[in-house]
Protein chains: 2
Amino acid sequence: MPGNVTLSIDAMGGDNAPEMVIDGIAAVRKQLTDTRFLLFGDIAQLDYLVSKAGISDIVTLSHTADYVSNDEKPGVALRNGRNSSMRLAIDAVGDGKAAGIVSAGNTGALMAMAKFVLKTLPGIDRPAIASYFPTIRGEVVMLDLGANLACDADNLVQFAVMGEVFARNMLNIKKPTIGILNVGAEEAKGNQFVREAAIVLQTANLPIQFHGFVEGHDIGKGTVDVIVTDGFTGNITLKTIEGTAKLFGSLLKETFSATVRGKLGYLVAKPALEVFKMRMDPRVYNGAMFVGLNGICVKSHGGTDSLGFANAIQVAHDLITNSFNDSIRSDCAQLVKALEEPNELLT
Amino acid sequence: MPGNVTLSIDAMGGDNAPEMVIDGIAAVRKQLTDTRFLLFGDIAQLDYLVSKAGISDIVTLSHTADYVSNDEKPGVALRNGRNSSMRLAIDAVGDGKAAGIVSAGNTGALMAMAKFVLKTLPGIDRPAIASYFPTIRGEVVMLDLGANLACDADNLVQFAVMGEVFARNMLNIKKPTIGILNVGAEEAKGNQFVREAAIVLQTANLPIQFHGFVEGHDIGKGTVDVIVTDGFTGNITLKTIEGTAKLFGSLLKETFSATVRGKLGYLVAKPALEVFKMRMDPRVYNGAMFVGLNGICVKSHGGTDSLGFANAIQVAHDLITNSFNDSIRSDCAQLVKALEEPNELLT
C-alpha cells in the first residue's frame, strides 16, 4: 500500500525537469504500489503537472523557488543552496521523513550535499558512485564512477564490499566475483593502491570471492560481477563505454544506409535490431547509486527523459526494500573485524 | 629501391611467430619497394620460411636461439635477454644498422630494452606508447597507453607535443587539436597533474592547438585529434574500447541469429556489414608506436596475424620516411624554449 516506502524527489533537477520527473512518477506508479513521493520544487509548476498526470494521491508537494544549476560548483551549492529543491529533498532523508532520494541534478552538488547531510555508513570512509552495465554474460557492477578522484587501498577495499552487496542484493548473484581494474592481470602490475587493496581482499578473512586484477576488456566480457576502481579511472571508463557504443551505433547506421542492399537488410532485420537497440538503451541502466551513505541516494542522468527517471525511481525503491544499507552495515562490521587480525603481507 | 629504409625485425616475438612475421613481410613487400629487413631469430626455422615466402632478396638473417617469453618481467628480460631476438633487433637500431624495429613480443620487455638501448630524444623525459583509433569524424591519436603508470604535468605536456607531431606527420591533419583526458571539461576538474599540464599548454608560447580537457565519450566522438593521458588510464581506456566493441559485435551477431527475419536481414545486408567489420577491424589499427625514443620502435599486438604484422611494418616505415623523430626533436626544442619564459600561473 502507498506509504510503506517514501521517496524524496528533487523535482527541479535535470535538463527536462520538472516535466520528466512527474511523467516518470506517473509511469512507475503501477509497479510501485507501496510508494509515496515527497516532491520539492516550484509549486506553481508542480501543482499543475501533478494533477494533469493524475498522481495527486501519491504525492506531497513542498514549495521552494531555489534550485541548484548544472554548472554550480559543489562547494558553492553546499554553502548557498540550503533552500534548493535538491537540498530539501536530501534533508527529508536526513530527518527520517523519506528512506531515499532521487535527483537528476548536478552530480557534484548532490554528492557534496548528501555526504554532508546523511554522513557515511560506519566502516565506510568515502561514499562511491556505482552503476551496472550489460556484458556478454549478463551484468557488471562498477564503482567508483567519479566521486573520489584519488583512492587509497582502504577506499578500494570498502568499494569492493559495497559492490559485492549490490551484486548480491540487487542483481541476485549468489556469490559475486570481484575484480580490481588494472593494467594487467599479474600481481606485480599497477600502482601501490591497487596492489595493497588486492592483498587485503586476497588474504583478509572476508566472505568475498576475490578474482584478482581485471583489465579494460574484462568489463564487456563479464569476467567478474563487480569491478572496483578509483573515481578518475572509473569516470573516464564509464564515458568511454558510452562513447564507443555511440560510435559503433553511428557507424552501423551509416553502413545500413550506404547501399540499397544495406537499407533493405535493415528493413528485414528491423524487429531484431529493435531488440538489440533496447538491450543497449542507456535509459534502462539509468540511475547511478551513491553507495556508502546513511540513506539511499540515486542520481538519474541529467539529460534523461521520463523513462530513465522512472528507472532511477525503481532502483531507489529496490535498494530500500532489499535493505541494501543494512547489508553494507553488517558486511562492514565483518570487514573491520577482519582487518583487526594481523596481516603479515601488509606490515 | 631496397635499401633506402632498413627495418630491424624481432622474428621470434608474438604468439604466431615466426610464421606471421615472414608472411607479414611477404604481404607488404609490394608496397614497400624501398625497404630491406634485418631478421633476428632461430635461423633453422627462418631460413626455410624465408625461402618458402620468396623474400630472400630483401632479408638478412642473424641467428640467435634466445628469445623473450611473454611472461618475462621487463627487468629480468633486460638483464638476461642480451642475446634475445628482441634485444639484438633493438641493438641494430642503436648501432645505426637499421632506422627502426618492429616486434610483436612482450611489451614491457620491449619498452625496457628500447629505453635502455636507444635512450629518449632530447627534451623527452619518458617515452610513451601511442596508437590511433577510428572515431565518428575520422581518427584520434591517444597516448600514453601504458608505458608510464603515473605521469606528472611535464610528462603530459611532452606527450602532447609528440601526439601533435604524430597527427600532423602521419594522419595528415594540418593543425591537430589536442585534449587532455579528464573527468569533466571544466578547468577546475581533475587532479593536479592534468590541471598543471593544461595551464602549460594553454599559456606557454607553443604552436599547438590546445582544446582543453576532454572526457571518455570524446574519444569515439572525435572531439579532438590527439588525446593525452597517463599510462594507467590510457591502458584501461584502450582495452575498454576493445572490450566494448567486442561486446557490441557479439550482441549484434546474437541479434541477427535470434530470428528468421534477423538471419535473412543479415544475408541481405552482408556486403555492407562486411565493410563495417573491416572498418572496425583492430588489425588495421595494429601497431602501437613507442614515441620519444632515439629510433623508431613499433609494437605489434602479441596475438596478431600476418595482416596485422604487415600493418605494423607499414607504420614503422612511414614514421621513418616522414622524419617523425626529426619533427619531435625540433618541436621539443621549441617547447624547452617556451618553458624557459616565466609563467605566472605556474609559480
Side-chain angles (χ1 to χ4, degrees), chain A residues 71 73 108 134-136 146 149-150 181-184 186 188-191 215-222 229 231-233 235-252 254-256 258-259 261-273 275-276 279-280, chain B residues 71 73 108 134-136 146 149-150 181-184 186 188-191 215-222 229 231-233 235-252 254-256 258-259 261-273 275-276 279-280:
Chain A
D71 48 7
K73 293 217 171 111
T135 73
I136 291 177
L149 294 196
L181 197 56
N182 199 356
V183 298
E186 305 81 7
K189 293 271 183 179
N191 57 44
E215 301 185 65
H217 53 79
D218 289 306
I219 306 171
K221 208 171 165 186
T229 187
F232 188 81
T233 313
N235 184 278
I236 289 173
T237 304
L238 163 73
K239 289 174 183 163
T240 299
I241 294 172
E242 291 172 354
T244 307
K246 239 185 207 164
L247 166 68
F248 207 101
S250 148
L251 291 182
L252 190 63
E254 227 176 74
T255 302
F256 280 125
T259 60
R261 278 191 70 166
K263 278 180 201 159
L264 197 63
Y266 173 76
L267 284 178
V268 176
K270 203 176 170 192
L273 288 167
V275 174
F276 172 70
R279 240 180 117 172
M280 300 295 289
Chain B
D71 47 7
K73 295 218 170 111
T135 73
I136 292 178
L149 294 196
L181 197 56
N182 199 354
V183 298
E186 306 81 7
K189 294 271 183 179
N191 57 43
E215 300 184 65
H217 53 77
D218 289 306
I219 305 171
K221 209 171 164 186
T229 187
F232 187 81
T233 313
N235 185 278
I236 289 171
T237 304
L238 163 73
K239 289 173 183 162
T240 299
I241 294 173
E242 291 173 353
T244 308
K246 240 186 206 161
L247 166 68
F248 206 101
S250 148
L251 292 181
L252 190 64
E254 226 176 74
T255 303
F256 279 126
T259 62
R261 277 192 68 166
K263 278 178 201 160
L264 197 63
Y266 172 76
L267 284 178
V268 176
K270 204 176 168 194
L273 287 167
V275 174
F276 172 69
R279 239 180 118 173
M280 300 295 288

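Every chain is numbered from 1 and lettered A, B, ... according to where its sequence line falls, protein lines coming before strand lines.
Side chain of Lys239(A) to backbone of Val183(B): a donor-acceptor contact under 3.5 angstrom is found.
For a residue to count as touching a neighbouring chain, one of its non-hydrogen atoms must lie under 4.5 Å from one of that chain's; by this rule Thr237(B) touches chain A with backbone and side chain alike. Only the side chain of Lys73(B) comes within contact range of chain A, judged by heavy atoms closer than 4.5 Å. Leu149(B) touches chain A through its side chain: at least one heavy atom from C-beta onward sits under 4.5 Å away, while N, CA, C and O do not. In this structure, chain A has heavy atoms under 4.5 Å from both the backbone and the side chain of Asn182(B). With a 4.5 angstrom heavy-atom cutoff, Leu267(B) touches chain A only via backbone atoms. In this structure, the portion of Ile219(B) lying under 4.5 Å from any heavy atom of chain A is its side chain and not its backbone.
For the atom pair Leu247(A) CG and Lys221(B) NZ, the distance stands at 12.5 Å (nearest 0.5 Å). The CG atom of Leu238(A) sits 10.0 Å away from the CD atom of Glu215(B) when rounded to the nearest 0.5 Å. Here the OG1-CZ distance, from Thr229(A) to Phe232(B), works out to 5.5 Å after rounding to the nearest 0.5 Å. Taken to the nearest 0.5 Å, the CD1 atom of Ile136(B) stands 8.5 Å off from the CD atom of Glu254(A).
Ranked by heavy-atom pairs under 4.5 Å with chain B, the list Gly222(A), Gly184(A), Gly220(A) is led by Gly220(A). Of the residues considered (Ile241(B), Leu252(B), Leu181(B)), Leu252(B) shows the highest number of contacts with chain A, using heavy-atom pairs under 4.5 Å.
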